[in-house]
Amino acid sequence: MPELPEVETVKRGLEPAMVGKRISNVDVNRAGLRFPFPENMAARLVGQKVLGLSRRAKYILVRISGGDVLLMHLGMSGRFTVHEPEGQKNVPGQFYHDAGTGKHDHVVFHMEDGTKIVYTDPRRFGIIDLFPEDQMSDYKLLVSLGVEPLGNTLTADYLNAAFKGRKMPLKAALLDQKIIAGLGNIYVCEALFRTKLSPRRQAASITGKSRPTQRLDELVRVIREVLNEAIASGGSSLRDFAQSDGELGYFQHSFQAYGREGEPCVAPGCAGQIERIVQSGRSTFFCPHCQR
DNA sequence: AGTAGAACCTGAGCGC
DNA sequence: TGCGCTCAGGTTCTAC
């Protein structure tokens, strides 16, 4: 999927198109995505006003009048595009009247001002759900998520406790959404590369007895740094990701390890080469020479 | 307890 | 032009 920086970018792109406006219609073009859509989804949304958008891990949460929350997850290939009526800013190369009619355009939100917000998702691993706001703390998809990597709850002390005694590879521990919620494959690879930590070492190996090790301090700092840099450049844009207005992000040009199998390591003074290995079914890109 | 693998899907890219 | 194979940003479930 789009990872956290992409989701944050999408959220920011959707905000001006949705907040403060009423939903005038919703086209639901199939029965569901990863899960079936909730009963009467369109009926529960039509006529409601969008109060605000937020993000939790890789979920976009839309608070609407009437007390419901619309939850959206982009899966691996989900994308939102915003299409304004003729004469206004629009998606390049696409006519307004065609927006939302594509093969993989599964849900279209029509706002009262004529703006269409189209959810497109070829692989259909995405999620769109609706639940009462007062059930937020029990909601199944959010309840077991770990800390936000950009929030102040991600600290070296927290990771020290979470990783203590864990024999799983560091890569797998960082991808575990129950520990840190929102880190994905790309940014884990990049953070480990920048900290020169091997993705294969045991998670527990960078913990300290009572206080976090210096390497763990550094890792926490770098996780934030990588994510913030990616958000600042509008997220990454691989095959399936576009910003909500169709613009592309630029951070993919900054990957130092991800997708660079066989290329020389860019770490100063390192003569190594980036390798690709598979860990728990996912590709890991790293430099075995300098990442220890 | 931890981990590997499969499952959910489609499309892009490559070698032949 | 096309076939068959591998790969892809995520998450959850089952099986060892």
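Every chain is numbered from 1, with letters handed out A, B, ... down the list of sequences.
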Residues forming a side chain to side chain contact (heavy atoms under 4.5 Å, CB included) with A/E218, sequence neighbours excluded: A/T195, A/R221, A/V222
Residues 125-134 of chain A vs side chain to side chain donor-acceptor pair (under 3.5 Å), sequence neighbours excluded, gives A/R63-A/E133, A/D129-A/Y139
Does OP1 or OP2 of C/dT11 have a side-chain N or O of A/K58 closer than 4.0 Å? yes
Taking B/dG13 as the reference, what is the distance to C/dG9 when you measure between their P atoms (whole Å, please)? 15 Å
Could you tell me whether A/I127 contacts a base, only the sugar-phosphate backbone, or nothing, with contacts defined as non-hydrogen atoms closer than 4.0 Å? nothing
Rounded off to whole Å, could you give me the CZ-to-P distance for the A/F163 and B/dA1 pair? 19 Å
Any side-chain N or O of A/S283 under 4.0 Å from OP1/OP2 of C/dA8? yes
Please check if the distance between the ring centroids of A/H83 and A/Y96 is under 6.0 Å. no
Please measure how far the P atom in C/dG2 lies from the corresponding atom in B/dC9, and state the result in whole Å. 27 Å
Round to the nearest Å and state the distance from A/L183 atom CG to C/dG9 atom C1'. 13 Å
Indicate whether OP1 or OP2 belonging to B/dT10 is found under 4.0 Å from a side-chain N or O atom of A/H104. no
Could you state the atom-to-atom distance from CD of A/E3 to C1' of C/dG10 in whole Å? 9 Å
So which of A/V50, A/L71, A/D68 actually passes side-chain contact (heavy atoms from CB on, under 4.5 Å) with A/V62? A/V50
Classify the ring geometry of A/H104 against A/H106: parallel below 30°, tilted from 30° to 60°, perpendicular beyond 60°. perpendicular
Which listed nucleotide (C/dG9, C/dT11, B/dG2) is nearest to the side chain of A/R166? B/dG2
Applying side chain to side chain contact (heavy atoms under 4.5 Å, CB included), can you list everything that pairs with A/E263, at least two apart in sequence or on another chain? A/R260
At less than 4.0 Å, is any side-chain N or O atom of A/Q177 found next to OP1 or OP2 of C/dT11? Yes or no. yes
Take atom NZ in A/K167; do more than 12 heavy atoms of anything else shown fall under 6.0 Å from it? no
Looking at A/E225, I want to see if its CD is surrounded by more than 12 non-hydrogen atoms of other residues, nucleotides or ligands under 6.0 Å. yes
What's A/G281 touching, base or sugar-phosphate or nothing? Going by heavy atoms closer than 4.0 Å. nothing
Spacing of A/R56 atom CZ relative to C/dT11 atom P, expressed in whole Å: 12 Å
Would you measure the distance from the P atom in B/dT10 across to the matching atom in C/dT1 and give it in whole Å? 24 Å
Quick one: A/I231 CD1 to C/dG9 P, roughly how many Å, whole number? 19 Å
So, is A/K178 close to the C/dT11 phosphate, meaning a side-chain N or O under 4.0 Å from OP1 or OP2? no
Atom CG of A/L71 and atom C1' of C/dT11: how far apart are they, to the nearest Å? 13 Å
Dot-bracket for DNA chain B, please. Rules: Watson-Crick or G-U, both distances under 3.5 Å, ( ) within the strand, [ ] when a pair crosses earlier ones, | for another strand, . otherwise. .|||||||.|||||||
N/O (side chain, A/R276) to phosphate O (OP1/OP2, C/dC7) under 4.0 Å: yes
A/L33 CG to B/dT10 P, in whole Å, measures 12 Å
Enclosure of A/K196 NZ (heavy-atom neighbours >12, cutoff 6.0 Å): yes
Reckon A/Y59 has a side-chain N or O less than 4.0 Å from the OP1 or OP2 of C/dG10? no
Dump every N/O contact between nucleotides 6-9 of chain B and the protein below 3.5 Å, one line per pair.
{"residue": "B/dC9", "atom": "O3'", "partner": "A/R124", "partner atom": "NH2", "Å": "3.4"}
{"residue": "B/dC9", "atom": "O2", "partner": "A/R123", "partner atom": "NE", "Å": "2.9"}

Could you work out the separation of B/dT3 and C/dA8 based on their C1' atoms and round it to a whole Å? 22 Å
Students often mix this up, so state it plainly: with edges at 30° and 60°, are the rings of A/F80 and A/Y119 parallel, tilted or perpendicular? tilted
Hydrophobic cluster (4.5 angstrom, side-chain heavy atoms) - remaining members for A/I277: A/F286
May I ask you to say what A/K103 touches in the nucleic acid, namely base, sugar-phosphate or nothing, with a heavy-atom cut-off under 4.0 Å? sugar-phosphate
Whole Å only: how far is the CG atom of A/D176 from the C1' atom of C/dG10? 13 Å
